Amino acid sequence: MISELDTGERLITERLDHVRSVSLGFWIGAGSRDEPDAKAGATHFIEHLLFKGTRSYSAQEIAEIFDEMGGELNAATSRESTVVYARVPDRHLERALDVMADMVFAPKFVDVDAEREVVLEEIAMVEDTPQDLVHDLLAEAVFGSHALGRPVIGRAGVISSVTRRTLSAYHRQTYRAGNVVVAAAGNLEHDHLLPLLERAAHQRVEPPQAGASVRKPLVKPPAPGLRFQRKDTEQYHVCVGATGISRSDRRRFAASVLDAILGGSASSRLFQEIREKRGMAYAVYTFAGQYSDTGQIGVYIGTREENLDPCLAIVGEQIADVAAGNVSDAELERAKENLKGRIVLSMESTSSRMSRLGKALITDTELLSLDRVIAEIDAVEASGVAELAGVLLAPEQLSAAGIGPSEERFLAAVERVHPGLPTQAAA
């Protein structure tokens, strides 16, 4: 069920009689891509500060309340949204909603300097984790100076200097009523939850601003780029990728099948060819992200120097083979069944169901039934997968990012997937 409050927030729920829990999420339509350069990282910093105390609860009280309930409380920031989410026994839903609403609507923004240090430590941790950092480098290679190319977590320079007043003002600007969706799945009654949320929404510290935020679209992606960061690592960590498709593109089902065929499962081509048959990498996989107006698709490999060149050669060969239409019926069917099976299994989780509801509503994406999703996957044809591989992963479309001891070695290997890419990598 879906309801809209008179203050502008929306509530979407799904009742599941067979469980004794509820997953609850407050979704805010603001992510890192919505920040101006001077506030890069503010959204993620605010997410942290929501836990540091509210009008009614201290940080310790918030932790103690959810511990007493035996519940789970967390939050996440992405490029296009922020979510504060919890999973609690159904008898504690009212209490959980009260605390979470206070966190979202009435944070006090206390202990800013202490939490600033925590976020700076988190940034430092990513810098010391090359298999994560290389994904940020690829986003910058693909999207250049656009906000989609910035790390969600923010940059140390901004985090070190941003003020409490700036963060509080940005919270009021982005956590506006029409920009908030509350999603819940589990053993609940929509008509019981609605008045509880209405009461919480009316208790905002500041009057809610009307309407949802307007996002500036990416009109034209920049040319493919290169990024490299020199580190004395044992492995080279490399990502090769390109712009993908938006979440509303009908080809997204073919894109999911393409991902499963190339590197999204243990039987996928890259996992089998690089890891299982040749033992040249421990971690090799494909990944994809979809945004309101574009997307990203890519491949990650972590491998030693002697294996770097042949690994990227295999990546190029397998992409070209799929794009040429060499996808067997058995391979296509296995990829489809893998996707459908994972979706069906995820539907047994209240958290997954809640995320499905909240993400669809906050992004204004059509909420498809399970049967419709299965039908769309079944309708994907090998020709559609091949065409998409040829369009999205054509050599001239590919960007690359790497972390390792030698930029020269990295650039030589990248020639295997994109011979025409400029040979100077900006770090």
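Just so you know, these numbers use all the heavy atoms, side chains as well, and skip hydrogens, waters and symmetry mates. Only a predicted model underlies this, so the values are computations on that prediction, with no experimental measurement involved.
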Practice task
May I ask you to test the R116-E121 pair for a side-chain heavy-atom distance under 4.5 Å?
Solution key: no

Handout entry: Test item: K336 and F253 side chains (from C-beta on) under 4.5 Å apart, heavy atoms
Key = no

Problem - E80 bridged to R247 by N-O distance under 4.0 Å - result: yes

Exercise for the section: For a salt bridge (Lys or Arg N to Asp or Glu O under 4.0 Å) with D293, tell me which candidate from R79, R33, K220 qualifies. Expected result: R33

Practice task
With the side chain counted from C-beta on, respond yes when L361 and L367 share a heavy-atom pair under 4.5 Å apart, and no when they do not.
Solution key: no

Completion exercise
By side-chain contact (heavy atoms from CB on, under 4.5 Å), E305 pairs with (sequence neighbours left out) Y236, R409

Problem - CD/E306: more than 12 non-hydrogen atoms of other groups inside 6.0 Å - result: yes

Handout entry: From CD1 (I28) to OH (Y175), nearest 0.5 Å
Key = 4.5 Å

Handout entry: Check: F66 ring centre within less than 6.0 Å of H92 ring centre
Key = no

Practice task
Could you tell me whether R278 and E273 make a salt bridge, using a distance below 4.0 angstrom between a side-chain N and a carboxylate O?
Solution key: yes

Fill in the blank from the handout: Residue set satisfying side-chain contact (heavy atoms from CB on, under 4.5 Å) with T294, at least two apart, ordered chain then number -> F143, L148, L218, T243, Y291

Problem - Donor-acceptor under 3.5 Å (N179 side chain, G29 main chain) - result: yes

Exercise for the section: Answer yes or no: does atom CZ of R342 have more than 12 heavy-atom neighbours from other residues, nucleotides or ligands under 6.0 Å? Expected result: yes

Problem - Over 12 non-hydrogen atoms of neighbours within 6.0 angstrom of CD in E387 - result: no

Problem - Aromatic ring pairing H171/F109, orientation class (parallel under 30°, perpendicular over 60°, tilted between) - result: perpendicular

Practice task
Keeping to residues at least two apart or across chains, list the salt bridge (charged side-chain N to carboxylate O under 4.0 Å, His left out) pairs with something in residues 307-323.
Solution key: R269-D321, D309-R416

Exercise for the section: Kindly compute the distance separating CD1 (I362) from OG1 (T365), expressed to the nearest 0.5 Å. Expected result: 10.5 Å

Exercise for the section: Apply ring pair (Phe, Tyr, Trp, His ring centres under 6.0 Å) to H44 and list each qualifying residue two or more places apart in sequence or on a separate chain. Expected result: H48

Problem - R150/D136 salt bridge by N-O under 4.0 Å criterion - result: no

Exercise for the section: Could you check if a side-chain atom of L97 sits within less than 4.5 angstrom of a side-chain atom of F26, using non-hydrogen atoms only? Expected result: yes

Exercise for the section: Classify the side-chain pair R172/S168 by whether it contains a donor and acceptor separated by less than 3.5 Å. Expected result: yes

Practice task
Any chance you could measure M103, atom CE, to T54, atom OG1, to the nearest 0.5 Å?
Solution key: 8.5 Å

Problem - Side chains of Q229 and L137 in contact at under 4.5 Å (non-hydrogen atoms) - result: yes

Fill in the blank from the handout: CD1 of I62 to CD of E64, rounded to nearest 0.5 Å, is 10.5 Å

Exercise for the section: Give a yes-or-no answer on whether the side chains of S78 and S81 include a donor-acceptor pair shorter than 3.5 Å. Expected result: yes

Handout entry: E337/K340 salt bridge by N-O under 4.0 Å criterion
Key = yes

Handout entry: Over 12 foreign heavy atoms within 6.0 Å of CD, E396
Key = yes

Practice task
Using side-chain contact (heavy atoms from CB on, under 4.5 Å) as the criterion, list what pairs up with Y170, not counting sequence neighbours.
Solution key: D34, E35, P36, K39, A42, T43, I46, Q173, T174

Practice task
Indicate yes or no: at least one non-hydrogen side-chain atom of D90 is less than 4.5 angstrom from one of S21.
Solution key: no

Handout entry: Contacts of type side-chain hydrogen bond (donor to acceptor under 3.5 Å, both in side chains), residue D232, not counting sequence neighbours
Key = R230

Exercise for the section: Decide, yes or no, whether a salt bridge links R164 with D113 under the criterion of side-chain N to carboxylate O below 4.0 Å. Expected result: no

Practice task
Evaluate the side-chain proximity of D102 to R55: yes if any heavy-atom separation is below 4.5 Å, no if none is.
Solution key: yes

Completion exercise
Rounded to the nearest 0.5 Å, the CZ atom of R20 sits from the OG1 atom of T350 at a distance of 13.5 Å

Exercise for the section: Using distance alone, with no hydrogens and no angle criterion, decide if T166 and T163 have a side-chain donor and acceptor under 3.5 Å apart. Expected result: yes

Problem - Exam field: side chain S23 to backbone S351, donor-acceptor pair closer than 3.5 Å - result: yes

Practice task
For residues Q131 and T129, determine if any side-chain heavy atom of one lies less than 4.5 Å from a side-chain heavy atom of the other.
Solution key: yes

Completion exercise
Here the gap from L398 atom CG to H418 atom NE2, rounded to the nearest 0.5 Å, amounts to 7.0 Å

Practice task
Verify whether one side chain among E47 and T77 offers a donor that lies under 3.5 Å from an acceptor in the other.
Solution key: yes

Problem - D259-T286 side chain donor-acceptor pair, cut-off 3.5 Å - result: yes

